[in-house]
Amino acid sequence: MTPVIGFIGLGHMGGPMAANLVKAGHRVIGYDLVAGALADATATGVEAVGSAAEAAAGADVVITMLPAGRHLLALYQDQGVLSAARPDTLFIDCSTIDVADARAAHEAVVAAGHRALDAPVSGGVMGAEAATLTFMAGGGEREFAQAEPVLSAMGKKAVHCGPAGAGQAAKICNNMILGISMIAVSEAFVLGESLGLSHQALFEVASTASGQCWALSVNCPVPGPVPGSPANRDYRPGFAAPLMAKDLGLAANAIRAGGVDAPLGLNAAALYEAFARDAGADEDFSGIVRAIRERTARPADQNGTPV
Ligand code: NAD
C-alpha cells in the first residue's frame, strides 16, 4: 500500500518535495509554522493540519525539511511528535544539519520506538520542483530500503552512505569540495586578470585540462564562457551564498570536532561566512569572485595584504 506521509517543514524545498509526493499518489499530511507555507502546500494537494504532532499521527513515514539541527531536535524533544506517531514509524530527515545533531536525532527517534534515516539533498529548489534531487542517506539497510520508493518520488538518485549521520557527512564533505573549488577557480580568474589573461582563454585551457571541475565548467564565476551560469545574470542564485556558508560552517564544526587538518576547509568557511554577511547575502555563491577582485583592487599594506 502507498505509505501515508507526514511532512513537517514546507518551505522552499519542503513545499515542492511534498507536492511531488502528492503527484506520485501519496496521501501527504503537512505542517509548517508559517501559515503562508501551509496554504501554498494545500494548493498542491497536501492536507494541512494544525501541529507537527498531528502530521506525525497516522503517518507511515514522517519527513522533516527544516532550517537547522536545533529545529529538528526541538521538534523531537518538545512538540510531542515522537509520542504521537505509531510505533515503528520511519522518520526521514532531509534537512542539512550538523552530523552530531543528526546522530542525536537518530537516538531520540530510536529511543521512542521508531526508526530513523538522515537523507539530506543536493539539487536545490529547482531539483526539488523537478523531482531530480539526489539524496545522501545515513541509517540501517532496512530503513533505506523502506525509504527508497518514497525518496524516488522526489529525486532521481538516492545513495546509502552508511550508518546514522553518514548522509550528513557525505553532504558536508561534498559541499566543502565545492566551496573550496569555487574559491580556487575565482582566485585563478582574478590572478589571470592581473596577468592580462582573458577569461575565455583561461576557461578554454582549464576546462579541458587538470583544472577542470564543476565550479569552473558548469557554474563558471565569470560571465561569458558558460552562458547558463549565474555570473551571466548578475549572480542571482543558483545556490545562494548563505547556504554555502551554512554548509561550510557545518563542515568547519566537524573539522574542529575531529581534529582534522583541513586548513582550506576552515578558510573557505571563514571566507564564505564574511561574503554571505556582506555583498553575498542575496547572491549566488560564485559571486565571491567579485569580493576577491574588490580586495585585490585595494591598496596593499607593507606585507602585501589588501587593506
Ligand atoms: P526554508 O526556510 O524555506 O524552509 C524551512 C521551513 O521549516 C520554513 O517554512 C519554516 O517555517 C519551517 N519550520 C521551522 N521550524 C518548524 C517547526 N518546528 N515545525 C514546522 N515547520 C517548521 O528552508 P529551505 O530552503 O526549504 O531549506 C530546508 C533545508 O534544506 C535546510 O536545512 C537547507 O540547508 C537544506 N537545503 C536547501 C537547499 C536550497 O537550495 N534551498 C538546497 C539543499 C539543501
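Atoms within each ligand, like the ligands themselves, are counted from 1 in listed order.
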* Would a distance-only check, ignoring hydrogens and angles, find a side-chain to backbone donor-acceptor pair under 3.5 Å from Asp32 to Leu38? -> no
* To do: Identify the protein heavy atom lying closest to atom 37 (C) of ligand 1, giving its residue, its atom name and the separation to 0.1 Å.
  => Met13 CG, 3.6 Å
* For Val34, counting its heavy atoms only, list the atoms of ligand 1 lying under 4.0 Å from any of them. => 11 (O)
* Is Glu193 salt-bridged to Arg293, going by a charged N under 4.0 Å from an acidic O? -> yes
* Structure fact -> Note: heavy atom closest to atom 18 (N) of ligand 1, options Met65, Met17, Gln79, His12, belongs to Gln79
* Quick one: sort the Phe239 and Phe285 rings into parallel, tilted or perpendicular, breaks at 30° and 60°. => perpendicular
* Taking only Lys NZ, Arg NE, NH1 and NH2, and the carboxylate oxygens of Asp or Glu, determine whether Asp60 and Arg86 approach each other closer than 4.0 Å. => yes
* Counting heavy atoms only, which part of Asp247 comes closer than 4.0 Å to ligand 1: side chain, backbone, both or neither? -> neither
* Within a distance under 4.0 Å of any heavy atom of Ser95, pick out the atoms of ligand 1 and give their elements. => 32 (O)
* Asked: Nearest protein heavy-atom contact for atom 4 (O) of ligand 1: which residue, which atom, what distance?
  -> Gly11 CA, 3.4 Å
* Would you tell me whether Ser217 and Gln212 have side-chain atoms, one donor and one acceptor, within less than 3.5 Å of each other? => yes
* Asked: At their closest point, which heavy atom of Ile97 faces which heavy atom of Ala68, and how far apart are they?
  -> CG2-C, 3.5 Å
* Structure fact -> atom 2 (O) of ligand 1: closest protein heavy atom, distance to 0.1 Å, is Pro67 CG, 4.4 Å
* Asked: Looking at Gly124, which atoms of ligand 1 are within less than 4.0 Å of one of its heavy atoms?
  -> 40 (O), 42 (C)
* Does atom CZ of Arg233 have more than 12 heavy-atom neighbours from other groups under 6.0 Å away? -> yes
* Asked: Looking only at distance, does His71 have an N or O less than 3.5 Å from an N or O of ligand 1?
  -> no
* To do: Kindly identify the option in Leu33, Asp32, Leu10 whose heavy atom sits closest to atom 10 (C) of ligand 1.
  => Asp32
* Salt-bridge criterion met for Arg277 and Glu273 (N-O under 4.0 Å) -> yes
* Short side-chain donor-acceptor distance under 3.5 Å, Asp247 and Asn174 -> no
* To do: Consider every N or O of Ile8 and every N or O of ligand 1, then say whether any pair is closer than 3.5 Å.
  => no
* Structure fact -> The reported gap from CG in Leu21 to CD1 in Ile5 (rounded to nearest 0.5 angstrom) is 5.5 Å
* Asked: Does the protein put a heavy atom under 4.0 Å from atom 25 (O) of ligand 1?
  -> yes
* Asked: Under 4.0 Å from ligand 1, counting heavy atoms only, is it the side chain of Ala52, its backbone, both or neither?
  -> neither
* Structure fact -> Among non-hydrogen protein atoms, atom 39 (C) of ligand 1 lies closest to Leu243 CD1, 3.4 Å
* Asked: Considering distance alone, does some N or O of Lys171 sit under 3.5 Å from an N or O of ligand 1?
  -> no
* Structure fact -> Closest to atom 33 (C) of ligand 1 among protein heavy atoms sits Lys246 NZ, 3.7 Å
* Structure fact -> the protein heavy atom lying closest to atom 13 (N) of ligand 1 turns out to be Leu66 CD2, 3.7 Å
* To do: Return yes if a side-chain donor-acceptor contact under 3.5 Å exists between Asp88 and His114, otherwise no.
  => no
* For atom 35 (C) of ligand 1, which protein heavy atom lies nearest, and how many Å away is it? -> Thr96 OG1, 3.6 Å
